[in-house]
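Step one of this worksheet: look at the structure below.
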Amino acid sequence: MAAWKNMDTLTSYQELMNTKPVALAAAMSGENGAQRVKSYTVPMGAELDFNYAARPVDDDILAALAKFAKEAELSEKFAELYNGAVINTGENRMVLHHLTRGQLGNDVVADGVNKRAFYLEQQQKIAELANKVHAGEITNAAGEKFTTVVQIGIGGSDLGPRAMYLALENWAKVNDTFKMKAEFISNVDPDDAAGVLSKIDVAHSIFVLVSKSGTTLETLTNESFVKDALVKAGLNPSDHMIAVTSETSPLAKSADYLAAFFMDDYIGGRYSSTSGVGGAVLSLAFGPEVFDRFLKGAAEADALAKNEDLLKNPAMLDAMIGVYERNVLGYPTTAVLPYSQAMSRFPAHLQQLDMESNGKSVNRYGEPVNYLTGPVIFGEPGTNGQHSFYQLLHQGTDIIPLQFVGFKSSQMATDVVIQGSTSQQKLCANVAAQIIAFACGKQDENRNKYFAGGRPSSIIIGKQLTPEALGALLAHFENKVMFQGFAWNLNSFDQEGVQLGKVLATRVLKGETDGALKAYSDLLGI
């Protein structure tokens, strides 16, 4: 078994701390820069490439990172994870989201069940229901087809599936696989549910309630909101609702739902887009075949993550460069900048994925760590962000590493030539220009117009944002976060940090408050 140690106890970490920093502006200038762009690229599956030429590394630092990854036994820890070891020490659970999209190692049996077979069974049941809905075999009470699917869930039950839906919506329309419009209700703010319900035809809508425990306060509140709207419209809610939950939850056997599909405790919410949590809404929206293609892209990236050679393992490489930026260079933040409007909610998903996983200050044994862990993650799609927060990225006092995503072709294949170039060419020109502007900067005697450069970035480049590419992107970042958690000796698969607020909110609603909590409750009119 792999040894779980704090990173500052490893000899290779001390060696990494003593490496000579890269002068990024010089490294990326002229022929040096051209050669780096060509050589610092690694395939990541699904016609995607990870280019890290503008990250602050050279061959010596990469060699030190490879040595660190080996001493930290990152590949061995990944193998233990996908072979069913109890990696989530906080909740004494296995971590099995990789099994939703492929078999990476040995059979994993839990609770007397082969888990890969279980996940496949649920995917097949979801596919069967989706096909019946699309064929008009499952309809509303009037025998009319459902035209809209609405997901009700919060956190990982919303952010990932919503981001994936938006990423493929236009692609599906162009490729004639668009089946149903999807909407999402997540926030307990009544304006969220009311806003969605006001713009859909509830009589032709099917609702997907997602709650593993069947007790999530926000989700059950919004379910009641929706059921009330259905009743007021003269409809039977049980004709319009399905559940994605655990087999032991109160929703599992309820007559309130057309069907129930199951997940388990071995898949965390933020890792659940490739389970039934994402599968139901995406299969209903685009068809099971598209969801299957999405899973195949994720599986392709997962397979690459098994490679023990750091330079041939894009997720581990991305993770280790991130560790270098965080722990050696001390950079506090990372920006995710997809140059694709379809990926507008992808940064929000990665905020949860990364910050909920590695926003920890104690190790796997509950002991405080003496080094920095997960960075702050934020982002927006380009070129919108250029006209928003890029000022700080270029000339602010903090250096913020950037992770660009770009595609050579648009999804909708609709474009025009304006001023000698298409919109897609302008989009790609902007991301190329930003990489060099950040890395190389600009000399100017006017300090207000001076750019120091030396601001690192990487870019994932693809031909087009397809289901396979989206799946590979998702898995890449999931595996990056996992490897960084391993390096920092964290448990990346629990989220105790979200629990305290829930407990206190329950006390407020029960009127069990005093002191400042009561004072704030009074201020808010509760």
SB check Arg101 Glu478 (cutoff 4.0 Å): yes

Check: Asn307 side chain, Asp309 main-chain N or O, donor-acceptor pair, under 3.5 Å: yes

Distance-minimising heavy-atom pair for Ala487 and Phe68: CB-CE2, 3.8 Å

With Met94, the side chain to side chain contact (heavy atoms under 4.5 Å, CB included) member among Val108, Ile267, Ile87: Val108

Met355 to Ile377 - nearest heavy-atom pair and separation: SD-N, 3.4 Å

Residue Arg293 excluded, over 12 heavy atoms near CZ under 6.0 Å: yes

Distance in Å, Leu258 CG paired with Phe207 CZ, rounded so as to fall on 0.5 Å steps: 12.0 Å

Verdict with reasoning, Lys296 to Glu300, per salt bridge (charged side-chain N to carboxylate O under 4.0 Å, His left out): CA-CA 6 Å; Lys296 286 179 179 176; Glu300 197 171 342; over 6 Å; no

side-chain contact (heavy atoms from CB on, under 4.5 Å) between Asp302 and Asn479, worked out: CA-CA 8 Å; Asp302 288 341; Asn479 292 327; 3.0 Å; yes

Separation of Arg93 CZ from Asp264 CG (nearest 0.5 Å): 9.5 Å

Stepwise side-chain contact (heavy atoms from CB on, under 4.5 Å) test for Leu217 and Val188: CA-CA 8 Å; Leu217 178 64; Val188 75; 5.8 Å; no

Steps toward ring-ring contact (aromatic ring centres under 6.0 Å, His included) verdict (Phe118, Phe262): CA-CA 9 Å; Phe118 170 75; Phe262 301 127; 7.3 Å; no

Ring centre gap for Phe486 and Phe78 strictly below 6.0 Å: no

Inter-residue atom distance Leu10.CG - Asn489.CG, 0.5 Å rounding: 9.0 Å

Verdict with supporting geometry, Asp107 and Arg116, salt bridge (charged side-chain N to carboxylate O under 4.0 Å, His left out): CA-CA 7 Å; Asp107 286 343; Arg116 173 62 179 159; over 6 Å; no

Distance in Å, Leu353 CG paired with Met482 CE, rounded so as to fall on 0.5 Å steps: 11.0 Å

Side-chain (Ser254) to main-chain (Leu251) donor-acceptor, under 3.5 angstrom: no

Donor on one side chain, acceptor on other, Asn358 and Thr373, under 3.5 Å: no

Ser211 versus Thr216, side-chain donor and acceptor atoms under 3.5 Å: yes

Ring pair (Phe, Tyr, Trp, His ring centres under 6.0 Å), paired with Tyr52, selected from Phe404, Tyr40, Tyr324: Tyr40

Test log, rule side-chain hydrogen bond (donor to acceptor under 3.5 Å, both in side chains), inputs Trp488 and Asn363: CA-CA 8 Å; Trp488 288 320; Asn363 66 15; over 6 Å; no

Show which side-chain atoms of residues 511-526 pair as donor or acceptor with protein atoms under 3.5 Å away, not counting sequence neighbours.
| residue | atom | partner | partner atom | Å |
| --- | --- | --- | --- | --- |
| Lys518 | NZ | Asp522 | OD2 | 3.0 |
| Ser521 | OG | Leu517 | O | 2.7 |

Asn106 side chain vs Asn83 backbone, donor-acceptor pair below 3.5 Å: no

Glu308, CD atom: more than 12 neighbouring heavy atoms under 6.0 Å: no

Any donor-acceptor pair under 3.5 Å from Glu80 side chain to Ala2 backbone: yes

Lys67 vs Glu71, salt bridge (charged side-chain N to carboxylate O under 4.0 Å, His left out): CA-CA, chis, key distance, verdict: CA-CA 6 Å; Lys67 189 174 181 181; Glu71 187 181 1; over 6 Å; no

Extract all donor-acceptor atom pairs below 3.5 Å that involve side chains of residues 455-462 and protein atoms in other chains or at least two apart in sequence.
| residue | atom | partner | partner atom | Å |
| --- | --- | --- | --- | --- |
| Arg455 | NE | His394 | O | 3.3 |
| Arg455 | NH1 | Leu393 | O | 2.9 |
| Arg455 | NH1 | Gly396 | O | 3.3 |
| Arg455 | NH1 | Asp398 | O | 3.2 |
| Arg455 | NH2 | Gly396 | O | 2.8 |
| Ser458 | OG | Arg55 | NH1 | 2.9 |

Non-hydrogen atoms of Ser186 and Asp192 that approach each other most closely: N-OD2, 2.9 Å

Phe477/His349 aromatic ring centres below 6.0 Å: no

Distance-only polar pair, side chains of Gln403 and Asp318, donor-acceptor under 3.5 Å: yes

Residues Glu169, Tyr165; criterion side-chain hydrogen bond (donor to acceptor under 3.5 Å, both in side chains); working and verdict: CA-CA 6 Å; Glu169 182 179 23; Tyr165 170 79; 3.0 Å; yes

Check against salt bridge (charged side-chain N to carboxylate O under 4.0 Å, His left out), Arg270 and Glu356: CA-CA 8 Å; Arg270 57 195 176 276; Glu356 195 168 83; 2.9 Å; yes

Pairs involving residues 480-508, ordered by first then second residue, that meet salt bridge (charged side-chain N to carboxylate O under 4.0 Å, His left out) (sequence neighbours left out): Lys360-Asp494

Worked check of ring-ring contact (aromatic ring centres under 6.0 Å, His included) between Phe286 and Phe294: CA-CA 11 Å; Phe286 308 133; Phe294 170 66; 9.8 Å; no

Evaluation steps, side-chain contact (heavy atoms from CB on, under 4.5 Å), between Thr19 and Asp60: CA-CA 8 Å; Thr19 53; Asp60 290 339; 5.8 Å; no

Nearest atoms (heavy-atom pairs only) where Pro314 meets Pro43: CG-O, 3.6 Å

CD/Glu47: more than 12 non-hydrogen atoms of other groups inside 6.0 Å: no

CA sep, side-chain torsions, deciding dist, call: Gln484, Val323, side-chain contact (heavy atoms from CB on, under 4.5 Å): CA-CA 7 Å; Gln484 288 185 331; Val323 166; 4.0 Å; yes

Pairwise distance CG(Asn187) to CG(Asn222) - rounded to 0.5 angstrom: 8.0 Å

Minimum heavy-atom distance between Val277 and Met263, given as atom pair plus value: CG2-SD, 3.3 Å

side-chain hydrogen bond (donor to acceptor under 3.5 Å, both in side chains) assessment of Tyr266 paired with Asp111: CA-CA 11 Å; Tyr266 308 119; Asp111 309 318; 3.2 Å; yes

Distance, nearest 0.5 Å, that separates OG1 of Thr219 from CD1 of Ile154: 6.0 Å

side-chain hydrogen bond (donor to acceptor under 3.5 Å, both in side chains) assessment of Thr274 paired with Thr100: CA-CA 6 Å; Thr274 53; Thr100 62; 2.7 Å; yes

